[in-house]
Every structure is written in structure tokens, then in C-alpha cells.
Amino acid sequence: MSKVTVIATENSWMEGEALRQLKLAANLPGMVRAVGLPDLHPGKGIPVGAAFYSEGMIYPHLVGNDIGCGMGLWLTDQKAHKFKIDKAVKKLDGFEAPWAGDSAAELDAADLPTDLWPYALGTIGSGNHFAEFQTIETIVNKDAFDEAGLEKGQLYLLVHSGSRGLGESILRRHVDRYAGLGLSEGTTDFDEYIRRHDQAVRWGVLNRRIIARRFLDALGLNGKSKLDVCHNSVTASGKGWLHRKGAAPSDQGLVVIPGSRGSLSYLVAPDQSPDISLWSLAHGAGRKWKRSDARAKLARYRVADLTKTNLGGRVICEDKDLIFEEAPKAYKDISQVIADLEAFGLIKVIATFRPIITYKTRRR
DNA sequence: ATGTCC
């Protein structure tokens, strides 16, 4: 088997730079295999939408700064057809401010130090992060849908966020000393990175939970957590270590693969977890355009054109640069990403979700 | 991606 695998059909466009970055990372010392998922796109030297399996070494810069980033899905007690969208949009505000709840108690309950980055807990952050209310668009596999405990006519909340400044601080601590070099198994620094990384992963899970609680509280709703899937991490796997950078796990149950804010999201069941993809799936549509290019390419659009998507969804994003960078057109076609995963026998689609309100930021 | 910047 070749060292580099790309999970994509000829129907998927993939940037040459992303493939170059993938091959470069595949040749790092100790690297055994590298996989590009169909949402592969260039990052800062490291491609996003990729999984890397190494032995004897780990590479913190392959995981990146947002250790523990992922997707959480909540089923709310709100009937979708009775949901008052305009009213909700007005109520959704102030999530940039620190959460007013008892962060120390939540951290303690999550088995984390009570002073671990408490001020950012419950905040979404920026970039591609969001909290989004969704409804069921289509049910493809009713048995699996029912088995997952999902309900057709309800409102859902999807949260995409990570470990905020905590993960950033952990990566910076490593990079300041080692730059792009890896850490050897059995060393103190290796163990210390893994310890901090694991904390950041748990912090990310807790962050998504508190974000969800804030959003549900703001609208007077209750919600049940249905899944939480991390797509930036490094974990022990077999004799070595599996790095996922913008890659969802295919060996931990159901996964939500979100599209852009103007396309559907997909709930999928990983199919058998074949190791061709290093037990990984795409984590989203993947960027088509660099952030720095989006503004120029969308010059004919105004902010008002971007606050409502082609699917009729509302986007709350008062940061003018960010709304261009995150416009649906800046992303690849999620249906092609899904089709490629299906073509490789990696997933079965259970249902699709339609975005109703996406909250990015009220910060100008 | 970033308590995002001195």
C-alpha cells in the first residue's frame, strides 16, 4: 500500500497545494501513512481534512492549535414548525461575553482543573466555528434514524467549536521549543503534550456543552445531547499514533458532516470502519477559497446578501470580514464530499439537516 | 485558529 491515500473521485476538485502539503507531512520521520479526505484543502503548511498515522513519534503541529475542535448535536424540545425565527434571531445575542455560570464547578465535574482557561468556556470563537439551529430535511434511513433517538419534527442545535485559547497555548508551548519537530514516545515532553492535549479535548467537549446550554437557555428550550465528535486530535492507535486534522473518526459511532451555512448537513453512519481512510471521515465541505481571497471573489455581494442563504437560512455574523470569508461560495460542494465517501464505501447517509439560524458572532 | 494587538 502506498504511503499516501486520497479519498476522492475524479469528480472532486482538489487543490495541488493541499496534495503537496499532504505528501510533505507523509514524509516526516516516523510517519507510516497519510490520508487526504474529500474535504482536503491547504492549511498553514499542514493540510486540513487529513489523517496521519505515525509510530514512535507524534507531531503536535499536525493537530494544530484548535486541539479538541469538533461537532456537537442536540435534539431540542422545540417543534420545528412552531419555531419563531425572527424572534429567536433577536434573542440570540451576547455569546461573546464570558458565560455567567459556574465555570469552576463545570470544569471540576469534567475532571479538569478548576482554573483551566475558565474565561473562554462557553464561547464559540471565530473562523469556521458556529452554533446553528437546524431542522430535518430528509430521512434516508428511517431505522437508523429512529435507533439514534432522533425525532423528525424537532428543532436541532449543531455546535462547532473547540478549545479556544487553551489549545492555542498548548501548541505554542510546543512550537516555541520544537517548531515543526515531533516528540519521541517515552520522553517527558511527549507525555506532557499528551496530558495537556487530552485536557484540551475534554475542555472542547465541555465548551460545546456549555455553548449549547447558553443557546438553549436564551430561547427557553431544553435539549438532549445526541452526539459529540472531535475532529482535531492525536490518539493512540495500534502500535502508533493517529493524528486527525479536520478529520472525523469513523470508529466512534454516528457523525455529523456539516456543509457550508448555505447547504445541508449530513448525519452519517460510518460503514465498517475500513482502515483505508485511517478510521477517518471528512469533517465538512472543506474550503474552496482561501480566506484572503474570499472578499475579492465576492466583491459583487453586499453584507445583506450574505445574511440570508440560498436555503433561506439566517446568518448572524456582524464581523464584516468574517461573513465574506465564511460565505457558502467559499466552500466546496458538500454533496460531492458525501458522494465520494459513499463511493469509497466509508459511510451510509442517515438523514440531512437544513440550517435555519447560524450564529457566528455579534462582534463587529 | 488565537481572552486575535504592540
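To find a chain, count down the sequence lines: A is the first, B the second, and so on, and within it residues start at 1.
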Review point. Do the numbers put R295(A) on top of the ring of F324(A), so that NZ or CZ is under 6.0 Å from the six-membered ring centre and no more than 45° off the axis?
Key: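 Yes, cation above the ring, under 6.0 Å and within 45°.
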Nucleotide [N], atom [atom2] - distance to [atom1] of [X] in whole Å:
X       : N      : atom1 : atom2 : answer
E325(A) : dT4(B) : CD    : P     : 17 Å
H174(A) : dT2(B) : NE2   : C1'   : 18 Å
Y119(A) : dT4(B) : OH    : C1'   : 14 Å
K44(A)  : dT2(B) : NZ    : P     : 10 Å
R363(A) : dT4(B) : CZ    : C1'   : 10 Å
K320(A) : dT4(B) : NZ    : C1'   : 20 Å
R164(A) : dT2(B) : CZ    : P     : 5 Å
L322(A) : dT4(B) : CG    : P     : 16 Å

**Study point:** Ring centers of H243(A), H61(A) separated by less than 6.0 Å
**Key:**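 No.
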Review point. Would F215(A) and F95(A) count as a close aromatic pair, with their ring centres under 6.0 Å?
Key: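 Yes; F95(A) has its ring centre under 6.0 Å from that of F215(A).
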Could you check whether [X] gets within reach of a base, just the sugar-phosphate, or nothing at all, counting any heavy atom under 4.0 Å?
X       : value
G125(A) : sugar-phosphate
G127(A) : sugar-phosphate
R291(A) : sugar-phosphate

Check your understanding: Quick one: side chain to side chain contact (heavy atoms under 4.5 Å, CB included) partners of R362(A), sequence neighbours excluded?
Key ->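 Testing R362(A) for side chain to side chain contact (heavy atoms under 4.5 Å, CB included), a comparison that skips the adjacent residues, returns V89(A), D93(A), E96(A), I316(A), E318(A), Y359(A).
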